[in-house]
Amino acid sequence: MRDHDDTFRTFILQFILEMKRTALLVSILALVSCSQKPTDSPEGFVFLTDNIEGDEGYYSKPAVITGHIANRDVYPNTAEINLTIPFYDRVDSRLSSMIFDDRFAFALLPYAPRTVSMEPYIDHLVVCPGDSIHIELDFAQLGKVGYSGRGADNNVKLNEFHLRYYLPEDWPFDKDYADAESYAEAAKEKLEYHLSRLEAFINDQKPGVELERLCRQEIEADYYSELIQSLLRYQRNGQKVKDHFRVKDAEDLFSLDCVSGNLFELSQNISLWLLYSIDQEEALRLTNDYSALSRFIRKSVRNKALRQMMTTYFYNLLLETNDTEAFEKNFASFNENVTYPLLKLNTRDRYVVKKAFKENPRLLSDAILQADKSGEGQAFVKANEGLKLLRSVISKAEDKVVYINIGATWCPGTRHEIPHLVNLADTLKSEPLRIVNFYLDNNSDGINPFHPMIETYHLTEEQRAGLDPILHTGRGIPFYILIDKDGIIVDFGEHLRPSIPKTKDILETYLDE
C-alpha cells in the first residue's frame, strides 16, 4: 500500500464533524494515515441533473470491457477480476466480475475518456465512451497483455508509455533535501525530464489527441501532487513554501474532456494548499458553510474544471461519512456549481447508494457478510477466511454493539488513535459494547494496552486478503466498522475514529436502541 499523506482527509473530516479548534489542530498535525432547493419540495429531496453540460449522446455511451484468461490453473483460486475507477472516495469505486469459463466482462459509463485500472494485472487502462475493448490475460505471464477492439490502440500505446517512457514512482523525495527550495528545484528538473520523455513517446508512438492529453495530465498531476504534499511537510517544519507553488501554475492542466485518474487526487491537494493558506478559524467556518466554501473556491480558482472538481470533492466527503442528510441540506450550492456529467452523475450514483444504505443497512450488510456464500443456481464460492473471522466476532456479541478498528502497528494513524480507543472503552465500560482491533500485521510492539473491553486479532494473510476486496480497507487505515445489536453493519469508514467526539454520539445512538 502506498505511503500516502492523509492529513488533508482527516483535516476536512474533522471540520465536517465540528471539532473544537484546539483538538482539530492537534489532529491535523498528528494524524498521518497510511433552480430550487430540493429540500423545499413537499415530495422530499430530489437530486437535480437538468443543468448538465455536454452532448448526452456522447457521454451516456457505455463502454464494454471483455476478457479471457489463459493458464488460469496457475492461480486456480482467483474467482473474480476487479476494475478500479478513480473518483473521490477514500475507497475507489470498483466493479467486480466473476470469472466464468475463464472469461470476465464489465460494462460502465466512463462519461469521458479516462484512466482506470485492473489491479494487480493492469495498472493503467484508458476507456472512452462507446469503447469495446477485449483483453487477453495470461496468468503464467502477467506482463503479457493483449488488446483488441475499439480502444485497443490507445491501450497498447498507454502500456508502452508506462513500460518505456514514464515511471510514476520516479519523483524526488522531500526527505533527501535540506530545505523546500532545494526540493522544489529537484522536482522541477525531474518534471522537465519526464516531459522530454513524453515528447519522445509522442514522436515514436504517434498517440491520438486524447491519449496524448491523458499522458501529459498524468505526468503533471503526479508532479504537482508530490510537490504540494512535500511543501506542506516543509511548512509544518517551519519553512516558507508559498513561493514554490501557486494554484495558477496547475490550473491549465485541468480539462474534463479527458480525465487522468490522478487529477482527482491533485484537486484534493490543491484544496489542502488553499485551506492551509488562510486562517484556520476561517477554514473551519468555510467547511461548515458550503455556500461560503463554494464562493471561496470560485474566488481562488479561475479554471472551471478545477473549481468543479474541488467542489465535488467536498460534497463527496459528506457521502464518505454516510451523511446524506447534510448532503441534501447543502445540495443547492452543489447543483449550482457542478455541471460536468462525470462529476455530477458519479456523485448522484454515490448518493443513491449511500441513501439506500442509510435507509436499509441490512441489505448491504448481508451482501458483505455473506459474500462467500453461493446463492441459488450459483457455482461453489471459495470460503473467505476474513469473513469467517468477522462473522465469528459478530456471533460472540449477542445483544451487543461491536466497534471494529482495522489498522496496523506500523501505522501512525492507528497508533494515534489507541489512547482515544482506550478512553472510549473506559467511558462506555458499563454499556453493551465490544471493541475489537483487527491488525493487518503480527507485530504487537506495545500497541495493545490491556483492557477488558478491547479484543485484538492479528490477521493472517488469508484473513487480510479475504477482507480487503470486500471492505476495500487496503486503500487506507485506520478504518472502522460499526455493527448494531442485531449483527448488522450500520456504519463504516474513517469518520468513526475514536478521537472524533461525534463517534461517541454515534455509538451511544446504537447502544440505546
Side-chain angles (χ1 to χ4, degrees), residues 2-5 86 112-117 122-128 153-177 179-234 241-273 301-306 309-310:
R2 182 180 177 184
D3 182 14
H4 179 70
D5 187 351
R114 62 189 303 195
T115 54
V116 298
S117 63
I122 305 173
D123 291 335
H124 306 277
L125 273 169
V126 56
V127 181
C128 302
D153 185 62
N154 273 342
N155 281 288
V156 169
K157 290 176 179 177
L158 183 63
N159 188 53
E160 279 290 295
F161 174 68
H162 281 282
L163 285 176
R164 296 176 50 199
Y165 298 91
Y166 178 54
L167 294 175
E169 298 81 10
D170 189 23
W171 290 100
F173 294 99
D174 56 324
K175 65 183 179 182
D176 296 331
Y177 298 88
D179 53 55
E181 183 174 359
S182 299
Y183 168 79
E185 289 177 358
K188 183 67 173 179
E189 289 178 5
K190 184 59 73 170
L191 172 64
E192 292 171 354
Y193 167 75
H194 284 313
L195 290 177
S196 71
R197 294 297 298 151
L198 173 62
E199 292 306 313
F201 166 73
I202 293 170
N203 292 331
D204 295 344
Q205 302 294 327
K206 305 295 189 297
V209 174
E210 290 173 342
L211 182 58
E212 178 182 338
R213 188 180 302 172
L214 284 168
C215 292
R216 189 176 302 277
Q217 281 181 341
E218 184 170 348
I219 291 173
E220 295 192 19
D222 282 345
Y223 162 70
Y224 285 118
S225 282
E226 296 288 346
L227 181 66
I228 292 170
Q229 290 179 22
S230 296
L231 289 178
L232 288 176
R233 285 191 285 268
Y234 283 114
V241 300
K242 65 178 183 179
D243 292 339
H244 302 300
F245 174 75
R246 294 178 176 83
V247 173
K248 66 180 182 180
D249 298 339
E251 283 190 289
D252 290 343
L253 180 62
F254 285 84
S255 166
L256 292 178
D257 295 331
C258 294
V259 182
S260 173
N262 54 359
L263 283 185
F264 297 107
E265 179 184 3
L266 177 56
S267 68
Q268 297 169 36
N269 284 316
I270 292 176
S271 300
L272 169 61
W273 181 269
V301 178
R302 62 180 174 82
N303 180 283
K304 181 179 179 181
L306 175 56
M309 291 189 82
M310 292 171 65

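Partners of S260 by side-chain hydrogen bond (donor to acceptor under 3.5 Å, both in side chains), not counting sequence neighbours, listed by chain and number: N262. D176 is linked by a salt bridge (charged side-chain N to carboxylate O under 4.0 Å, His left out) to nothing, counting only residues two or more places apart in sequence or in another chain. With sequence neighbours left out, D174 forms a side-chain contact (heavy atoms from CB on, under 4.5 Å) with Y183, S230, R233, Y234. Applying the side-chain contact (heavy atoms from CB on, under 4.5 Å) test to D257 and every residue at least two apart in sequence or in another chain returns R213, S255. Under the side-chain contact (heavy atoms from CB on, under 4.5 Å) criterion, K248 pairs with R246, E251, not counting sequence neighbours. Here E185 pairs with nothing under the salt bridge (charged side-chain N to carboxylate O under 4.0 Å, His left out) rule; sequence neighbours left out. By the side-chain contact (heavy atoms from CB on, under 4.5 Å) test, D179 is found to be paired with E181, S182, Q239, residues two or more places apart in sequence or in another chain being considered. Partners of D204 according to the salt bridge (charged side-chain N to carboxylate O under 4.0 Å, His left out) rule, which considers only residues two or more places apart in sequence or in another chain, do not exist here. F245 meets the ring pair (Phe, Tyr, Trp, His ring centres under 6.0 Å) test with Y224, W273; sequence neighbours excluded. Residues satisfying the side-chain hydrogen bond (donor to acceptor under 3.5 Å, both in side chains) test with S117, not counting sequence neighbours, are none.
Looking at E265 and Q229, their side chains come closer than 4.5 Å, going by heavy atoms from C-beta outward. Side-chain contact between E218 and H162 is present, with at least one heavy-atom pair separated by less than 4.5 Å. At least one side-chain heavy atom of L253 sits less than 4.5 Å from a side-chain heavy atom of L266. No side-chain heavy atom of F161 sits less than 4.5 Å from a side-chain heavy atom of L211. A 4.5 Å side-chain heavy-atom check between K304 and L256 finds every atom pair outside the cut-off. Within the 4.5 Å cutoff, side-chain heavy atoms of V259 are placed close to those of F264.
Within the model, atoms NZ of K190 and CD1 of I219 stand 12.0 Å from one another, a figure rounded to the nearest 0.5 Å. Separation of atoms CD (E220) and CG (D249) is listed at 10.5 Å; rounding is to 0.5 Å. Separating the CD1 atom in I122 from the CG atom in N159 is a distance of 8.0 Å, to the nearest 0.5 Å. Atom CG of L306 and atom CD1 of I270 lie 4.5 Å apart (nearest 0.5 Å). L125 CG to N155 CG: the interatomic distance, rounded to the nearest 0.5 Å, is 5.0 Å. Here CG of N154 is found 12.0 Å from OG1 of T115. Values are rounded to the nearest 0.5 Å.
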Would you be so kind as to tabulate the donor-acceptor pairs closer than 3.5 Å made by side chains of residues 194-201, with sequence neighbours excluded?
from : atom 1 : to   : atom 2 : distance (Å)
H194 : NE2    : D170 : O      : 3.2
S196 : OG     : Y193 : O      : 2.5
R197 : NH2    : R164 : O      : 2.8
E199 : OE2    : R216 : NH2    : 3.1

Problem set entry | Trace of the side chain to side chain contact (heavy atoms under 4.5 Å, CB included) decision for F173 with E226 | CA-CA 9 Å; F173 294 99; E226 296 288 346; over 6 Å; no
Problem set entry | side chain to side chain contact (heavy atoms under 4.5 Å, CB included) between Q268 and L272, worked out | CA-CA 6 Å; Q268 297 169 36; L272 169 61; over 6 Å; no
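The two residues Y166 and D222 come nearest to each other via the heavy atoms OH-OD2, 2.5 Å. A pairwise comparison of heavy atoms in L231 and A180 identifies CD2-CB, 4.0 Å as the closest pair. Between P172 and Y177, the closest heavy-atom pair is CB-CE1, 3.9 Å. For L214 against R114, the heavy-atom pair with the smallest separation is CD2-CA, 4.4 Å.
Within a 6.0 Å sphere centred on NZ of K206, other residues, nucleotides and ligands contribute more than 12 heavy atoms.
For the pair Q217 (side chain) and C258 (backbone), a donor-acceptor distance under 3.5 Å is present.
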